[in-house]
Amino acid sequence: MSSFSESALTKKLGELNNSQQSIQTLSLWVIHHRKHARTIVQVWQTELIKAKIDKKLTFLYLANDVIQNSRKKSTEFTKAFGGVLITAFTHVAKHADGKTKSAIERMLSIWVERSVYEADYIKQISQSVNKVLKTKNSKDLVVVGEKAKENAKIRPEEKDFEPLLKKSRLDELIHQTEDDDYLTLSPRDPPDADELAKVLMELENSASSDAVVREKIASLPPEVQDISRLERITDRETADRLSTTVDEACLLLAEYNGRLVAEIDDRRQVARMLADFVRQQKSLLQESEQKLANYREKLAKVSEVRKELKSHIQNLPDLTMLPSVTGGLAPLPSAGDLFN
């Protein structure tokens, strides 16, 4: 199989379709590169968010195939996907139709039957999905009645910019409810101290620390984000030049937003690892304190016995001060004297 790279995975995810052959082929390739599990899940999450609505369910099918077929060999993907599944399922549910909803329910049901994840964790995924679907259905009822009003409010020249007014994926992640929080997930095996230190060091090179890209974004011309400046365009050449600049800015921002989304998931996963590590340390501390209390109790008993023994020894008579009981008696005969 070809060597792994993020660009290669991004390309394969772009070519992914809903056929069983396409999903299984990419699943085998992903499992083959399981040592890159964390990176693979990050790219998968980013591309899922960027994918078209009709393709988002296919990403879940791919994750399902990878998780179930890799867990017999190792747990890399089970752990890596475990940190993002609530967010991923919630995201897909926000765009779900009836068919997608049924597919999600069926997938979670199979996971429960096969114990792919702990029942409490799967239950939380299901609760998060149902919460989103319930909110989505109530909004749909309102939208049906308000759609005409909204269309009337939007001027024809503003329709092309309507997607810019929608809430970004970053806002959705930052303002997630408690049901989506990593602290509500069921406990897992705590990480090693070395592993935890490694992932903390990796966060130092995260997207939010990329000063170069941030400087590029900050230096974007005001025309890119100020619609009112469009009125100043008077010729086709200026408009084409601005269009090219806007396209480049969109690509830059989309890529950076994807990296930020991946960083948020990384930080959630690290925070979960820290929570698990702290929980383990508290448990070990409690055990050590219990052992210390037991040994202190034993030491107190030994000290008490030692004190009693010392007191008893001090109360014993001094044998050197006793009178001699053999001073007036003749010595016993020797063996030779007995046979003479």
Side-chain angles (χ1 to χ4, degrees), residues 1-74 76-104 106-108 110-111 116 129 163 166 168-170 172-173 207 213 244 247-266:
M1 292 187 177
S2 59
S3 59
F4 174 80
S5 67
E6 292 187 27
S7 58
L9 176 58
T10 301
K11 181 179 179 182
K12 290 179 180 295
L13 288 172
E15 297 171 349
L16 180 67
N17 59 58
N18 200 35
S19 68
Q20 183 176 359
Q21 180 179 359
S22 178
I23 294 172
Q24 290 181 345
T25 300
L26 183 51
S27 175
L28 290 174
W29 186 86
V30 167
I31 294 174
H32 177 73
H33 296 288
R34 57 181 174 273
K35 65 179 181 179
H36 302 286
R38 290 186 68 251
T39 302
I40 289 173
V41 172
Q42 290 175 5
V43 175
W44 174 87
Q45 173 83 346
T46 302
E47 295 304 312
L48 166 65
I49 295 170
K50 294 162 59 178
K52 295 181 180 179
I53 295 177
D54 58 353
K55 194 175 178 180
K56 293 183 184 294
L57 181 60
T58 307
F59 276 72
L60 291 185
Y61 285 151
L62 174 64
N64 172 67
D65 197 272
V66 171
I67 292 170
Q68 294 207 53
N69 288 310
S70 67
R71 65 193 186 109
K72 297 178 181 179
K73 300 179 180 179
S74 60
E76 287 99 330
F77 283 110
T78 305
K79 293 180 179 179
F81 275 106
V84 303
L85 285 175
I86 290 182
T87 302
F89 272 90
T90 303
H91 172 75
V92 176
K94 290 177 181 178
H95 306 280
D97 53 15
K99 179 181 178 182
T100 302
K101 179 177 179 293
S102 300
I104 291 175
R106 175 58 179 161
M107 192 182 304
L108 294 177
I110 293 174
W111 285 8
V116 176
V129 168
K166 296 181 179 179
S168 69
R169 177 58 180 158
L170 275 178
E172 294 177 4
L173 288 172
V213 175
T244 302
D247 289 341
E248 293 174 353
C250 287
L251 289 175
L252 176 64
L253 291 170
E255 181 182 356
Y256 189 60
N257 283 342
R259 292 175 60 195
L260 288 174
V261 170
E263 180 184 343
I264 289 174
D265 290 332
D266 283 345

Polar side chain donor-acceptor pair, D97 to T100, under 3.5 angstrom = yes
request  = May I ask you to check whether over 12 heavy atoms, not counting those of E15, lie within 6.0 Å of atom CD?
outcome  = yes
inquiry  = For a 4.5 angstrom cut-off between non-hydrogen side-chain atoms, does K94 reach T90?
reply    = yes
key: Audit row: S70, R34, side chain to side chain contact (heavy atoms under 4.5 Å, CB included) steps and yes/no   = CA-CA 9 Å; S70 67; R34 57 181 174 273; 5.9 Å; no
query = Got L252 and V213 here, is their nearest side-chain heavy-atom distance under 4.5 Å?
reply = yes
ask   = Where is the tightest heavy-atom contact between L48 and H91, given as atom of each residue plus distance?
value = O-NE2, 3.8 Å
H32 side chain near L28 side chain, heavy-atom distance below 4.5 Å = no
inquiry  = So, taking the atom named CG in L57 and the one named NZ in K99, what distance separates them when rounded to the nearest 0.5 Å?
reply    = 8.0 Å
ask   = Which pair of heavy atoms, one from H95 and one from I53, lies closest together, and at what distance?
value = O-CG2, 3.6 Å
key: Validation row: L26, L13 side chains within 4.5 angstrom (heavy atoms)   = yes
remark   = What one should report as the nearest heavy-atom pair of S27 and L62 is N-CD1, 3.8 Å
inquiry  = For a 4.5 angstrom cut-off between non-hydrogen side-chain atoms, does I110 reach Q68?
reply    = yes
ask   = Any side-chain heavy-atom pair from I104 and L108 closer than 4.5 angstrom?
value = yes
Exceeds 12 heavy-atom contacts within 6.0 angstrom, atom CD of E6 = no
query = Taking the six-membered ring for Trp, are the ring centroids of W111 and F81 within less than 6.0 Å of each other?
reply = no
request  = Carefully, step by step, assess Y61 and M107 under the rule side chain to side chain contact (heavy atoms under 4.5 Å, CB included).
outcome  = CA-CA 8 Å; Y61 285 151; M107 192 182 304; 3.6 Å; yes
request  = Kindly give the heavy-atom pair with the smallest separation between A80 and A37, and that separation in Å.
outcome  = CB-O, 4.1 Å
Smallest separation among heavy atoms of V116 and T78, with atom names = O-CG2, 4.2 Å
ask   = Just by modelled atom types, is the A96 backbone N or O under 3.5 Å from a matching donor or acceptor in the K101 side chain?
value = no
request  = For the pair W44 and F59, name the ring-plane relationship: parallel under 30°, tilted 30 to 60°, perpendicular over 60°.
outcome  = tilted
message = Check whether N257 reaches the backbone of L253 with its side chain - one donor and one acceptor, N or O, closer than 3.5 Å.
response = yes
request  = Indicate yes or no for a side-chain donor-acceptor contact from K35 to the backbone of E76 under 3.5 Å, with no hydrogens or angles considered.
outcome  = no
ask   = Looking at NZ of K50 and CD of Q45, how far apart are the two atoms once the value is rounded to the nearest 0.5 Å?
value = 12.5 Å
inquiry  = Nearest 0.5 Å, please: how far is NZ in K52 from OG1 in T58?
reply    = 12.5 Å
query = If you take all heavy atoms of N18 and I23, which pair is closest and at what distance?
reply = O-CD1, 4.0 Å
request  = Supply the atom-to-atom distance R38 CZ to F77 CZ, rounded to the nearest 0.5 angstrom.
outcome  = 12.5 Å
